[in-house]
Amino acid sequence: MKTYMKKCMAALLVVMLMVTSFTACSSKDEGSKEPGSSGPVTDQQNPADGEGNETDGDDQTPDDDDKDEDEDQDKEDDNEKDEDKTDKQEKNDKTSSSSKDTSSSSTSKPAGSSSSKPADKPSSDKKDDKKDDDKKEEAKAPKGTPAEIIDKIYEKKSVDLSLGTMDVDLSNSDMVKAVTGLSSADKIKSAAYSESLMGSQAYSLVVVRVKDSKDAESVASSMLEGIDPRKWICVEADDVRVAAKDDVVVLFMVDSQFISGKDIIKAFKSLCGGSLDVSMKR
């Protein structure tokens, strides 16, 4: 009987707890509703809270401000770098263009210069031509008789020998042959020779003036071939030369121990103004 009573009490307690819990839940649900309102109640926005929310939405935090400033600074740096690059490029372009202008001006300057040396060259050439013309006018055979020309040659080049000068008798073919080496005097106007007064010295200087200067070269060649360098029998000339200018022909042969034939021909060339029409050596 006691056991039954305990069970009943326990069951009653359980029922009371359940009822109490249910009642508490119902009172909470009713408390959440406004009096006289049958529908659900929506939360109203607090004006103060709304203004705060709006203010919060418009204002940025310090971190956001720092980020924006950093971005602006980066943009400014990029812009400055671009401007620097542009300035450098413009300077380089100006430098290259100025260097090109300088090189082109330096290249074109000689062509446009009126005082350059090539412009003066023609005048110097004219002077040289004039000098050559003067030389040609001065380069003439010496005047005078063959004997006088011999004396003039000795004035230019003295010879340390006992010499005598004589005219050639053109009517004597043997004398003409022995002195000039020519077999005929038909082309000769006059002639003279200078030889040693001692027969043992091989020395002979002959000057011939021909009738026509056109025959001077042929007469000189005939004299060089026809003369006998051993005509003294006991001595012989080892240096035999001829030269001619205009109508004057010179034959010189000598034993080279006394003098060089080149020196006598050089003296005759000097008398002719430094120019000869013919110069040959045997």
Side-chain angles (χ1 to χ4, degrees), residues 141-213 215-272 274-282:
K143 296 180 181 180
T145 64
E148 292 172 345
I149 294 174
I150 291 174
D151 292 338
K152 290 178 180 180
I153 291 173
Y154 287 150
E155 289 176 1
K156 294 286 184 180
K157 179 62 180 177
S158 61
V159 179
D160 190 16
L161 291 174
S162 180
L163 304 172
T165 302
M166 294 167 284
D167 291 331
V168 178
D169 183 3
L170 298 181
S171 62
N172 187 341
S173 58
D174 292 335
M175 187 178 185
V176 170
K177 177 65 175 176
V179 174
T180 65
L182 296 173
S183 58
S184 173
D186 294 341
K187 296 180 180 181
I188 297 175
K189 182 190 296 186
S190 59
Y193 68 100
S194 173
E195 292 186 356
S196 173
L197 297 177
M198 298 178 61
S200 60
Q201 294 175 333
Y203 182 97
S204 178
L205 173 59
V206 182
V207 175
V208 174
R209 190 179 288 277
V210 297
K211 296 177 181 178
D212 190 345
S213 60
D215 297 328
E217 184 175 357
S218 62
V219 170
S221 179
S222 297
M223 291 173 68
L224 184 63
E225 294 175 359
I227 196 66
D228 182 9
R230 291 179 60 86
K231 69 178 184 176
W232 298 278
I233 300 174
C234 58
V235 293
E236 179 182 4
D238 59 357
D239 190 354
V240 183
R241 301 169 185 261
V242 293
K245 182 67 179 178
D246 296 337
D247 63 340
V248 177
V249 180
V250 172
L251 165 67
F252 183 67
M253 60 179 180
V254 68
D255 183 348
S256 56
Q257 67 174 324
F258 300 123
I259 191 174
S260 171
K262 183 178 180 180
D263 292 337
I264 295 298
I265 298 300
K266 185 177 180 180
F268 173 64
K269 182 178 179 180
S270 178
L271 290 175
C272 298
S275 176
L276 296 173
D277 296 333
V278 178
S279 179
M280 295 181 288
K281 179 181 178 182
R282 187 170 177 175

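The chain is numbered in sequence order, starting from 1.
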Rounded to the nearest 0.5 Å, the OG atom of Ser221 sits from the CE atom of Met280 at a distance of 4.5 Å

Roughly how far, to the nearest 0.5 Å, is the NZ atom of Lys177 from the CG atom of Asn172?
13.5 Å

Measure the NZ-OG distance between Lys269 and Ser275 for me, rounded to the nearest 0.5 Å.
7.0 Å

Name the one of Leu205, Val240, Val179 that satisfies side chain to side chain contact (heavy atoms under 4.5 Å, CB included) with Leu251?
Val240

Can you list the steps and then say if Thr165 with Tyr154 is a side chain to side chain donor-acceptor pair (under 3.5 Å)?
CA-CA 11 Å; Thr165 302; Tyr154 287 150; 5.5 Å; no

Using only heavy-atom distances, determine whether the side chains of Asp238 and Ser256 contain a donor-acceptor pair under 3.5 Å.
yes

Between Val208 and Ala191, which heavy-atom pair has the shortest distance, and what is it?
CG2-CB, 3.8 Å

Ring centers of Phe252, Tyr203 separated by less than 6.0 Å
yes

In Å, rounded to the nearest 0.5 Å, how long is the span from CZ of Arg230 to CE of Met253?
12.0 Å

Separation between CD1 of Ile265 and OG of Ser260, rounded to the nearest 0.5 Å:
9.5 Å

Assess whether side-chain contact (heavy atoms from CB on, under 4.5 Å) is satisfied between Asp247 and Asp212, documenting all intermediate values.
CA-CA 6 Å; Asp247 63 340; Asp212 190 345; over 6 Å; no

Run the side-chain contact (heavy atoms from CB on, under 4.5 Å) test on Lys187 and Ser222 for me, step by step, so that the C-alpha distance in whole Å, both residues' side-chain angles and the decisive distance to 0.1 Å come before the verdict.
CA-CA 12 Å; Lys187 296 180 180 181; Ser222 297; over 6 Å; no

Closest heavy-atom contact between Ala141 and Cys272?
CA-SG, 4.2 Å

In a check of side chain to side chain contact (heavy atoms under 4.5 Å, CB included) between Leu224 and each of Arg282, Arg241, Lys281, which one passes?
Arg282

I'd like to check Val235 versus Gln201 (side-chain heavy atoms, cut-off strictly below 4.5 Å). Are they in contact?
no

Between Arg209 and Pro142, the two heavy atoms sitting closest are NH2-O, 3.3 Å

Taking every non-hydrogen atom, the tightest pair across Ile259 and Ile264
CD1-CD1, 4.0 Å

If you apply the rule side-chain contact (heavy atoms from CB on, under 4.5 Å), what do you find for Lys189 with Val210, and how did you get there?
CA-CA 5 Å; Lys189 182 190 296 186; Val210 297; over 6 Å; no

Roughly how far, to the nearest 0.5 Å, is the CG atom of Leu271 from the CD1 atom of Ile153?
6.0 Å

